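Below is one structure, written out as structure tokens, with a few remarks after it.
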Amino acid sequence: MVDLDTWFSHPSHPLVMAGPCSVESEVQLNATVEGLSRIPQVGLLRGGVWKPRTRPDAFEGTGEAGLSWLKEAGKAAGLPVATEVATPAHLELAMRYGIDALWIGARTVVNPFSVQQLAEAMRGVDIPVFIKNPVSPDVKLWVGAFERFSKVGLKRLAGIHRGFHYYKESPYRNFPMWEIPIELKRQLDVPVITDISHICGRRDLLQRVAQLSVDLAFDGLMVECHVDPDAALTDAQQQITPSALSALLEALAPRSKQTGGHSQVLSALRGEIDDVDDELLQLLARRMEIATRIGAFKKQAGMTVVQMDRWKAILSDHIALGKALGLDPELVQSVFEAIHQASIRRQSDLFDEA
Ligand code: PEP
Ligand code: MN
């Protein structure tokens, strides 16, 4: 088990935060925590007492009563406890009951007014705060929440990646878009744990996403656990029993976060990749230069910047060629969409000039 303070300064051992989506009753909580206390990897207990629900009249949590059960259960298990706070009033109660760590929910992080109010209320309070990503894939908004808490003096801040609302069909409840939490870590150098439960929304995907989180060098997991998942009052399809969590953690293949500077094979391969990237950049610059010349021609000829038929034909040809080369069509499409957009911007700028 990793100690919370140690983890914040050296998140080399993954932190596992586990517990029910909602604290429902003392019996449900104690039975769940009892199971979790036998899992050595679990370092922090979670339990929601104020639940942000999509529709009114759903179970909205036990409120204050749940806080005292949570604290007691943590003491019995010898583990720190965390809950979600969304308002200064929640915060005050959580502090009164000695809750050890807090998390800010995805629906709260989308609202800078709420985040600012919470941050003001935390001025001078020294407590670890986990900040979930906003439901929309907006890294700046997530960074902004970190900045607001950091400005009032909070030092122990971490992210929770819980996936994003997504407009396309997907097997996930919330699409992972791993590049966003990776970008957050690049910009802020904070530890980030992966909330596999809210990403997956269903049990059969949890193991795979947990492994991906390890493979991508994230710093731990949040997992919703319930003594009787099917009977849970919230998020029943994604919760697992403590023994299922234990099996999931045991089955994870560990990965080293070392950069591998000592391995000659890896260094050689990295060198090759760097060369290919150089070539790609030079080719991109050449392509952009040609696009500029085409833009000048179109302007003189009185043509439009966007020629939709030509763009559709290029894209489908490239996807077909990419397929023949073993490349994922989605990759080819997104790369060429980005390149095409940049060309359009360059050509429009040219049209704008007198
Ligand atoms: C939760 O962790 O219980 C929760 C409400 O999650 P999110 O804010 O990610 O939706
Ligand atoms: Mn939940």
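Order of appearance sets the numbers: ligands from 1, and atoms from 1 within every ligand. In this text the structure is predicted, and so the values were computed from the model without any measurement.
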Heteroatom of Asp235 nearest to the Mn ion (ligand 2) (N, O or S, atom name): OD2
Short N-O contact, Arg46 and Glu84, less than 4.0 angstrom: no
Under 3.5 Å side-chain donor-acceptor pair for Arg202 and Gln237: no
Rounded to 10 degrees, the angle SG of Cys21 makes with OE2 of Glu224 at the Mn ion (ligand 2): 90°
Pairing of Glu147 and Lys151 as salt bridge, 4.0 angstrom limit: no
Pair Gln207-Gln211, side-chain donor/acceptor within less than 3.5 Å: no
Within 6.0 Å of CZ in Arg53, more than 12 heavy atoms from elsewhere: yes
Arg203 bridged to Asp230 by N-O distance under 4.0 Å: yes
Per-ligand residue contacts, ligand 1, heavy-atom threshold under 4.0 Å: Arg46, Lys51, Pro52, Glu84, Trp103, Gly105, Ala106, Arg107, Lys132, Arg162, His198, Glu224
Residue pair Glu337 / Gln341, side-chain donor-acceptor N/O under 3.5 Å: no
